[in-house]
Amino acid sequence: MREKLKYYIETWGCQMNEEDSEKLSGMLKAMSYTRTDIKEEASIIIFNTCCVRENAELKVYGNLGALKKLKQKNQDLVIAVCGCMMQQKGMADTIIDKYPFVDIIFGTHNAYKFPEYLNRVKQEGVRVKEIADKETEIVEGIPIDRESNIKAFVTIMYGCNNFCTYCVVPYVRGRERSRKPEDIEKEIKELISKGYKEITLLGQNVNSYGKGLEPAIDFAELLRRINNIEGLERIRFMTSHPKDLSEDVIYAIKDCDKLCEQIHLPVQSGSSRILKKMNRNYDREMYLELIRKIKNEIPNVGLTTDIIVGFPGETEEDFEETLSLIKEVEYDSAFTFIYSRRKYTPADIMEEQIDDHTKHDRFNRLVDVVNEISAKKNKEYEGKVVEVLVEGPSKNDASKLMGRTRTGKLVNFLGHKSSIGELVQVKITKAMSFSLMGEEI
Ligand code: SAH
Ligand code: SF4
């Protein structure tokens, strides 16, 4: 029997990219390919790229260069590069010129055509470069090969209309488009029939879900509809933009039993002056007011955020306002970023760019404060009993199991292997800096 052909896929960036990779995997498996984690074994290598920060791009260049040798050894190897980085002006041409061993280049809007591109390369021996400038209609029904069989990401909307001045996402992912609620429900029901217990609804700005759909629907209503789906245990969602998170959504979390008490609410900066320059459309006071409302309605809510330091014009006072906001909110955890200049974004041509030394100094001070608060928040769990959805063996200690609380905390605990895929009660015995330890009861 002929050995099955294998593919290798590497993904950089956010959950959106991960989901796109799961679709590419789904299409390849439908063509009888199997996945490998060893590049040398693969007959197709795909790099799904990210360009949200410069670092992400540099990693792609480094990894691409290393493929040259593999191609020299195996002329039949097909190398494909796709994702957000390819959507940037001129990037696809640069890759074509600089990396003659790359066979296929495509962007975020036409990934569903990958099988067609692959066939062209194999049958006609040509190189394929196709980037769609404009977002297409949402393509439904692409097979998805998911990483987990317990929890799944379900995209509810694509693109972003916000144009925060530092961000490339609206340029590379296009304008907001929402999936029809029926299509979302259908996907979730299929997942439940396969045994999935938890779904995370994905979008760059999920709170503006529904724009342009007929009949009219908003995000809170979508949440309530999904909460009614039988067999589903947990619902999460990300990302929420503070300007769009409505009271209705807060009440939906409060009312709906399956909606987990967790909100990822990127603040980016604690200074109203910087928030204005970022075009975030809220100020410090509005954000803090929203947090107060959330904490009032949903006690013990898990709160996480994204923070950027070193945005153009950020003074020491602005930065200290960020630190004081973090201390006031007391986030469970935060993704912290050093501002990265991105071509074609308004912030790239702003004056008063901050020097690297100052950026790194602020970043280190920020991380110290964030970590100190995370540890303190974790400590509050010691001695408590929490519900955990068991995902599998612990990453670092196979004798233990791991899963997450409803509030999103990672728990490593002693428990029964038979609990994998189930909701169990776990007593927290010790808080670590970034996780909790416990015992199933
Ligand atoms: N749509 C989401 C997240 C998009 S990108 C939101 O609006 O919150 C994820 C995070 O990357 C952003 O929240 C921001 O904190 C960070 N980010 C985006 N562009 C950046 C840049 N140019 N430099 C540094 N961090 C950036
Ligand atoms: Fe980027 Fe802002 Fe859109 Fe988030 S909301 S994807 S940060 S432009």
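Read the numbers this way: they start at 1 and go in the same order the structure lists the ligands and their atoms.
Polar contact with ligand 1: present for Arg53 (N/O pair, distance under 3.5 Å). Looking at ligand 1, you won't find any N or O of Tyr339 less than 3.5 Å from one of its N or O atoms.
Near His241, the atoms of ligand 2 lying under 4.0 angstrom from a non-hydrogen atom of the residue are 5 (S). Here is the list of ligand 1 atoms found below 4.0 Å of a heavy atom in Arg280: 7 (O). Below 4.0 Å from some heavy atom of Arg342 lie the following atoms of ligand 1, by number and element: 22 (N).
Applying the 6.0 Å contact sphere to CZ of Phe335 captures no more than 12 heavy atoms from other residues, nucleotides or ligands.
For the pair Thr108 (side chain) and Val172 (backbone), a donor-acceptor distance under 3.5 Å is present. In this structure a side-chain-to-backbone donor-acceptor pair under 3.5 Å is missing from Lys23 to Tyr112. In this structure, the side chain of Asn378 engages the main chain of Ser433 through a donor-acceptor pair within 3.5 Å. Judged by distance alone, the side chain of Tyr209 and the main-chain N or O of Arg179 form a donor-acceptor pair under 3.5 Å. Put simply, the side chain of Arg404 never gets that close to the backbone of Val411: no donor and acceptor are under 3.5 Å apart. The backbone N or O of Lys59 lies less than 3.5 Å from a partner atom in the side chain of Asn63, making a donor-acceptor pair. Without hydrogens or angle criteria, Lys258 side chain to Ile229 main chain gives a donor-acceptor distance under 3.5 Å. Of the possible donor and acceptor atoms, one in the side chain of Asp355 sits under 3.5 Å from a partner among the backbone N and O of Thr358.
Under a 4.0 angstrom heavy-atom cut-off, Ile338 registers as being in contact with ligand 1. In this structure, His241 falls outside the shell of residues with a heavy atom less than 4.0 angstrom from ligand 1. Residue contacts with ligand 1: Ile308 is included, with a non-hydrogen atom under 4.0 Å away. Judged by the shortest distance from any of its heavy atoms, Arg173 lies outside the 4.0 Å radius around the atoms of ligand 1.
Atom 6 (C) of ligand 1 has as its closest protein heavy atom Thr239 CG2, 3.7 Å. Protein heavy atom nearest atom 23 (N) of ligand 1, with residue, atom name and distance: Ser340 N, 2.9 Å. In this structure, the protein non-hydrogen atom closest to atom 15 (O) of ligand 1 is Gln268 OE1, 2.7 Å. Protein heavy atom closest to atom 19 (N) of ligand 1, with residue, atom name and distance, is Tyr166 CD1, 3.3 Å. For atom 5 (S) of ligand 1, the closest heavy atom belonging to the protein is Val52 CG2, 4.0 Å. For atom 10 (C) of ligand 1, the closest non-hydrogen atom on the protein side is Asp306 OD2, 3.4 Å. For atom 4 (C) of ligand 1, the closest non-hydrogen atom on the protein side is Gln204 OE1, 3.5 Å. When only non-hydrogen protein atoms are considered, atom 8 (O) of ligand 1 lies nearest to Pro266 CG, 3.1 Å.
Protein N/O/S atoms closer than 2.8 Å to atom 1 (Fe) of ligand 2, listed by chain and residue number, are Cys167 SG.
Residue contacts with ligand 1, taken as heavy atom pairs separated by less than 4.0 Å, involve Phe337 solely via side-chain atoms from C-beta onward. At a 4.0 Å heavy-atom cut-off, ligand 2 does not touch Arg173 at all. Of all the heavy atoms of Met238, none lies under 4.0 Å from any atom of ligand 1, so neither backbone nor side chain is involved. Under 4.0 angstrom from ligand 1, there are no non-hydrogen atoms of Arg341.
The cationic group of Arg35 does not satisfy the cation-pi geometry with Tyr8, failing either the under 6.0 Å distance to the six-membered ring centre or the 45° limit from the ring axis. Judged by the 6.0 Å and 45° rule, Lys68 forms no cation-pi pair with Tyr99.
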Assess whether side-chain hydrogen bond (donor to acceptor under 3.5 Å, both in side chains) is satisfied between Ser271 and Glu314, documenting all intermediate values.
-> CA-CA 9 Å; Ser271 152; Glu314 184 187 68; over 6 Å; no

Check the pair Asn162, Lys243 against side-chain hydrogen bond (donor to acceptor under 3.5 Å, both in side chains), reporting the backbone distance first and the verdict last.
-> CA-CA 10 Å; Asn162 287 319; Lys243 79 176 166 58; 2.9 Å; yes

Decide side-chain hydrogen bond (donor to acceptor under 3.5 Å, both in side chains) for Tyr117 and Asn110; before the verdict, give the C-alpha distance in whole Å, the side-chain angles of both, and the deciding distance to 0.1 Å.
-> CA-CA 10 Å; Tyr117 304 148; Asn110 54 345; 2.9 Å; yes

Yes or no on side-chain hydrogen bond (donor to acceptor under 3.5 Å, both in side chains) for Asp20 and Asn48, after CA distance, side-chain angles and deciding distance?
-> CA-CA 8 Å; Asp20 286 348; Asn48 190 359; 5.0 Å; no

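In this model, a donor atom of one side chain and an acceptor atom of the other lie less than 3.5 Å apart for Arg284 and Ser324.
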